[in-house]
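Bear in mind the structure is a predicted one, so any value in this text is a computation, not a measurement.
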Amino acid sequence: MWSVMMEVIDINPTGIYKDTINFKSSSLLDIFLNNLSTSVVGLSEKMNVLDLPVFEDLKIQIQKHLKWYEDNICGFNDEMFLEITDSWYRETFPSNNHPVHNHPNSLLSGVVYLNIPENSGNHAGINFETKHHMFKGFHFEYHSEKPNKYNARTTYVPVKTGDIILFPSWIDHYVTPNESETDSRKIISFNTFLKGKISLNTLYPTTIHLR
C-alpha cells in the first residue's frame, strides 16, 4: 500500500505557455496576407513582419504575453526583458507540413495562429520533442504502455485560431501535414533575446525551498 504522504516533485519543468491572444482578424488583414510575398514553402521573404503597421496591435498583445512569461516563469527583475528580434509569416498549404526544427540564436520563441483550418483534428496543433531521458546518460528505448510527462518523447499541444504559444527556442518541434483540401494554416512566428542590465550581481533565485 502506498503511503498517503507519497509525492512526486517536479524539478525545473520546461515551461510551454498557451493562451488566447486579444487580436481580431479582418478582411483587410486577409487581403494583406494573401498579397504578402512568400516562398514556395509559404515562408514570408520579410523577416520582421511584426514591425509592419498592420501588425502594430498584434505586437503589443504579444509583448504582454512575453511579460507574463518573464515575470512568472523566468522570474526576471525589472531591468531585464525579452525583445522580439525577428518575426515572419508562414502559410502551410493543404497537404504540406513543417518538419522538425528549432530556433537557433534565440531564447524564447512564439507562434500566433491567425488561421487554423476547420476539422483539422490532431493535425492542427504543434508537436514538441523534448529529448528528455528518464535516466541521464542512457538514451535507450524501453517498453512503456503508460506515456506521461516524465517519459514522453513527444508532447502534442492542440491549438485553434487566435491562440498564442511561447516555448524555449531550443526545443525541437514540428507540424504534421495540413489535411484540409482548400484552407491553409496561417501563423506568425517570432524569436526573442534578452535585453537590459545583465550582471553577476543580479539577484537570481538559485534555490527554492519546498514546504
Student: For a side chain to side chain contact (heavy atoms under 4.5 Å, CB included) check, start with the C-alpha distance between Ile60 and Leu58, then their side-chain angles and the critical distance, and finish with the verdict.
Tutor: CA-CA 5 Å; Ile60 292 173; Leu58 177 60; over 6 Å; no
Student: Considering the options Ile73, Ile165, Thr155, which one meets the side chain to side chain contact (heavy atoms under 4.5 Å, CB included) requirement together with Ile16?
Tutor: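 With Ile16 as partner, Ile73, Ile165, Thr155 yield a single side chain to side chain contact (heavy atoms under 4.5 Å, CB included), made by Ile165.
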Student: Once rounded to the nearest 0.5 Å, what's the spacing between atom CE of Met47 and atom CZ of Phe190?
Tutor: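 The CE atom of Met47 sits 13.5 Å away from the CZ atom of Phe190.
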Student: Which heavy atom of Pro94 sits nearest a heavy atom of Ser184, and at what distance?
Tutor: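 So the minimum-distance heavy-atom pair works out to CD-OG, 3.8 Å.
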Student: Check Ile116 against Arg185 and note the closest heavy-atom contact, atom names and distance.
Tutor: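 In this case the closest contact between Ile116 and Arg185 is CD1-CG, 3.9 Å.
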Student: Using 0.5 Å steps for rounding, measure from the OG1 atom of Thr154 to the CD atom of Glu129.
Tutor: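 Here the rounded value is 4.5 Å.
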Student: Quick check: do Asn97 and Thr176 have side-chain heavy atoms less than 4.5 Å from each other?
Tutor: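 A side-chain contact under 4.5 Å is absent here.
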Student: As an exercise, state the distance from CH2 of Trp170 to OG of Ser106, rounded to the nearest 0.5 Å.
Tutor: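 OG of Ser106 is found 13.0 Å from CH2 of Trp170.
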Student: Could you measure the distance from the CG atom of Asp71 to the CG atom of Leu66? Nearest 0.5 Å is fine.
Tutor: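 Going from CG on Asp71 over to CG on Leu66, the span is 11.0 Å.
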Student: Would Val100 end up clustered with Phe128 when hydrophobic side chains under 4.5 Å apart are linked, directly or stepwise?
Tutor: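 Hydrophobic grouping puts Val100 apart from Phe128.
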Student: Pick from Thr20, Ile126, Ile188: which one makes a side chain to side chain contact (heavy atoms under 4.5 Å, CB included) with Tyr113?
Tutor: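 By the side chain to side chain contact (heavy atoms under 4.5 Å, CB included) criterion, Tyr113 pairs with just one of Thr20, Ile126, Ile188: Ile126.
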Student: For the pair Glu118 and Asp183, evaluate side chain to side chain contact (heavy atoms under 4.5 Å, CB included) and give the outcome as yes or no after the intermediate values.
Tutor: CA-CA 8 Å; Glu118 296 183 2; Asp183 203 5; 5.9 Å; no
Student: Can you tell me if His101 and Tyr174 form a side-chain donor-acceptor pair at under 3.5 Å?
Tutor: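 Looking only at side-chain atoms, Tyr174 and His101 do not form any donor-acceptor pair under 3.5 Å.
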Student: Verify the neighbour count for atom CG of Asn148: are there more than 12 heavy atoms of other residues, nucleotides or ligands below 6.0 Å?
Tutor: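 More than 12 heavy atoms, drawn from other residues, nucleotides or ligands, come within 6.0 Å of this atom.
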Student: Among side-chain atoms of His173 and His98, is any donor-acceptor pair under 3.5 angstrom?
Tutor: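 The answer is no; no qualifying pair exists.
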Student: Under a 4.5 Å cut-off applied to non-hydrogen side-chain atoms, are Leu166 and Leu108 in contact?
Tutor: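 When only atoms from C-beta onward are counted, Leu108 and Leu166 do touch, with a gap below 4.5 Å.
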Student: Report, as yes or no, whether the 6.0 Å neighbourhood of atom CG on Asp78 holds more than 12 heavy atoms from other residues, nucleotides or ligands.
Tutor: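 No, because the 6.0 Å sphere around CG of Asp78 holds 12 heavy atoms or fewer from other groups.
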Student: Given side chains that start at C-beta, do those of Phe81 and Lys67 come closer than 4.5 Å, heavy atoms only?
Tutor: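 They are not in contact (no side-chain heavy atoms under 4.5 Å apart), so the answer is no.
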Student: When rounded to the nearest 0.5 angstrom, what is the spacing between CD in Glu79 and NZ in Lys195?
Tutor: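 Rounded to the nearest 0.5 Å, the CD-NZ separation comes to 14.5 Å.
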Student: Using a 4.5 Å cut-off on heavy atoms from C-beta on, say whether the side chain of Val112 contacts that of Ile187.
Tutor: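 Side chain of Ile187 against side chain of Val112, heavy atoms only: no contact under 4.5 Å found.
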Student: Can a donor-acceptor pair be found, under 3.5 Å and without considering hydrogens, that links the side chain of Ser180 to the backbone of Pro117?
Tutor: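 No, Ser180 side chain to Pro117 backbone: no donor-acceptor pair under 3.5 Å.
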Student: Knowing that exactly one of Asp86, Thr192, Asn191 qualifies, which makes a side chain to side chain donor-acceptor pair (under 3.5 Å) with His103?
Tutor: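 Going through Asp86, Thr192, Asn191 one by one, the side chain to side chain donor-acceptor pair (under 3.5 Å) with His103 is satisfied by Asn191 alone.
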Student: Is there a side-chain contact between Asp51 and Val49, using heavy atoms and a 4.5 Å cut-off?
Tutor: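 No, too far: nothing below the 4.5 Å cut-off.
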Student: Okay, side chain of Lys186, backbone of Tyr89: is any donor-acceptor separation there less than 3.5 Å?
Tutor: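 Flag not set: sc Lys186 to bb Tyr89 has no pair under 3.5 Å.
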Student: Heavy atoms, side chains only, cut-off 4.5 Å: are Trp88 and Asn48 in contact?
Tutor: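 No, side chains not in contact.
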Student: Which atoms form the tightest heavy-atom contact between Pro177 and Ser95, and what is the distance?
Tutor: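 Minimum heavy-atom separation between Pro177 and Ser95: CB-O, 3.8 Å.
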Student: Do Asp163 and Asp19 pass the side chain to side chain contact (heavy atoms under 4.5 Å, CB included) test, and can you show the C-alpha distance, the side-chain angles, and the key distance before you say yes or no?
Tutor: CA-CA 6 Å; Asp163 280 351; Asp19 199 0; over 6 Å; no
Student: Using a 6.0 Å cut-off, check whether atom CG of Asp57 has over 12 heavy atoms from anything other than its own residue.
Tutor: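 It does: Asp57 CG has more than 12 such atoms within range.
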Student: I need the minimum non-hydrogen distance between Tyr156 and Gly125, along with the two atoms involved.
Tutor: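 Taking every non-hydrogen atom into account, OH-N, 3.1 Å.
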Student: Is there a side chain to side chain contact (heavy atoms under 4.5 Å, CB included) between Asn102 and Asp172? Walk through the geometry before answering.
Tutor: CA-CA 5 Å; Asn102 56 39; Asp172 287 341; 2.9 Å; yes
Student: Within a strict 4.5 Å, meaning less than it, do heavy atoms of the Met80 and Leu194 side chains meet?
Tutor: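 In short, these two side chains touch, coming nearer than 4.5 Å.
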Student: Before we go on, tell me: are the rings of Phe167 and Tyr17 under 6.0 Å apart, centre to centre?
Tutor: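 Ring centres of Tyr17 and Phe167 not closer than 6.0 Å.
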Student: Only counting residues at least two apart or in another chain, list the ones meeting ring pair (Phe, Tyr, Trp, His ring centres under 6.0 Å) with Phe193.
Tutor: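 So Phe193 forms no ring pair (Phe, Tyr, Trp, His ring centres under 6.0 Å) with any residue.
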Student: Mind checking the CG-OG1 spacing from Asn115 to Thr92? Nearest 0.5 Å is all I need.
Tutor: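 Reported to 0.5 Å precision, the distance equals 10.5 Å.
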